[in-house]
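Since the model is a prediction, treat every value here as computed from it, not as a measurement. Both ligands and their constituent atoms are indexed starting at 1 by order of listing.
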Amino acid sequence: MDVNKIRAQFPILERKVKGKDLIYLDNTATSQTPLRVIEAIQHMYTTTKANVHRGVSSISQEATDLQEATRRRVAQWLNASSEQEIVFTRGTTEAINLVASSLSDSFENGDEIILTTMEHHANIVPWQLIGRRKRITLRVVPINQRGELDLDIYRSLFTERTRLVAVCHVSNVLGTVNPVKEMIAIAHANGIPVLVDGAQAVPHIKVDVKDLDADFYAFSAHKMYGPTGVGVLYGKKRYLEMMPPYQGGGEMIANVSFEHTTFAELPFKFEAGTPDFVGIAALSKALDFIDEVGYEAIAAHEHKLLSYTTERMMQIPGMRIFGTSPDKSAVISFLIGNEHHYDIGMLLDTQGIAVRTGHHCAQPLMHALGIEGTVRASFAVYNTIEEADKFVATLERVASMLG
Ligand code: PMP
């Protein structure tokens, strides 16, 4: 893999921040976008912007074809059984809210959902919102010192009231790659479906929903070199069919009268209103990019960056890294001594180095770790060893400055 050839496809990497070369290490929050995705958006706005599924016009048909071709592409890419199992959403958050809102129609007071300590708020709060209608108990799988889930406790959390397991494939803070295939098998042995939050997995790991046997799988395009405003919910047809619509509006209906409305077929039943059809069409270019580089090459490169940077960071006095599982994606959450994460992040920014600081939308995990927040550096396929060197050298200066 030639990282320079890859970097050349990302125009933003040429920009300066505070007079320095941008070193973008906030890929977990959002990744950068290759030119082909930007060009696809521009092309559609300049040639093919007409509302999907509505028009008799040629350009409306072309726009619809582009959107639906992406749906087929995503279905193949995930190894779904049919494109009817692919629902486009605004992102992972909306995908999880959709399942929480619709699936919970069949829940009853006292039912239970199993989550984990390392969930993003997007996979906690939607389940709590059900509580406005029904009393639902969240049961939480704890983590060990390395930031891995305790599967023995997981097994013990199933009761006759369990209705769903909702778990992230990869933690956005610890980087831990969870054994979701095994967790799904355990849930299925108990007769329980599983929703996987794949937001941090799809940029790094080849996902095969059939192999995992996931019942729902959610992710966002913007974290995988794609456009903002687009997400995917994969759902097994038998669940999507029995779930009521999430929102009402255009596209999701078969017939409307003031007395009674019937709903459209899958997946349109869940796609009320005009979708971000430009973003959806451009998502297929992000998939092209990933396929062209290849997951094996992406993983090899990111793992090299992860182990090299971790090793160098560990030489810095007072360095505390959170998440040390051997099965870890290229995310490094850390603190130096008792220094505030924000101060470290600000000092890195003065050198053009973009990281994230704070609780990373995972406050329950922060409580479990006994901290308020961390600094998080996260890598993508376009990052280099030279950037890692500059990052660590700056951290060394920051550490000695902060004493
Ligand atoms: N889940 C995880 C694990 C995430 O990292 C994120 C984004 N930080 C989300 C869900 C939410 O994604 P989005 O904001 O794109 O909906």
- Neighbour count above 12 (heavy atom, 6.0 Å) for Q128 CD: yes
- Query: If you measure from each heavy atom of R90 to ligand 1, is any distance below 4.0 Å?
  - Reply: no
- Item | Ion pair check, D111 and R135, cut-off under 4.0 Å | no
- Nearest to atom 16 (O) of ligand 1, what protein heavy atom do you find, and at what distance? T93 OG1, 2.6 Å
- Message: Checking a contact table here: which protein heavy atom is nearest atom 10 (C) of ligand 1, and how many Å away?
- Response: D197 OD2, 3.4 Å
- Nearest non-hydrogen protein atom, atom 4 (C) of ligand 1: H120 CD2, 3.4 Å
- Query: With a 4.0 Å heavy-atom cut-off (strictly under), which part of A199 contacts ligand 1: side chain, backbone, both or neither?
  - Reply: side chain
- Query: Looking only at protein heavy atoms, which one is nearest to atom 5 (O) of ligand 1, and how far off is it?
  - Reply: Q200 NE2, 2.6 Å
- Message: Tell me whether ligand 1 is touched by K223 - counting only heavy atoms on the residue side and a distance under 4.0 Å.
- Response: yes
- Message: Ignoring hydrogens, what is the shortest heavy-atom contact between V230 and G279? Give both atom names and the distance.
- Response: CG2-C, 3.6 Å
- Message: If we set the cut-off at 4.0 Å for heavy atoms, which region of H360 has an atom near ligand 1: side chain, backbone, both, or neither?
- Response: neither
- Closest non-hydrogen contact found for L66 with T48 is CD1-CG2, 4.4 Å
- Pair K285 + E292: basic N to acidic O under 4.0 Å: no
- Query: For ligand 1, which atoms have a heavy atom of N172 less than 4.0 angstrom away?
  - Reply: 5 (O)
- Query: Parallel, tilted or perpendicular for F268 and H53, by the 30°/60° rule?
  - Reply: perpendicular
- Query: Against heavy atoms of S220, which atoms of ligand 1 measure under 4.0 Å?
  - Reply: 12 (O), 13 (P), 15 (O), 16 (O)
- Item | CE/M1: more than 12 non-hydrogen atoms of other groups inside 6.0 Å | yes
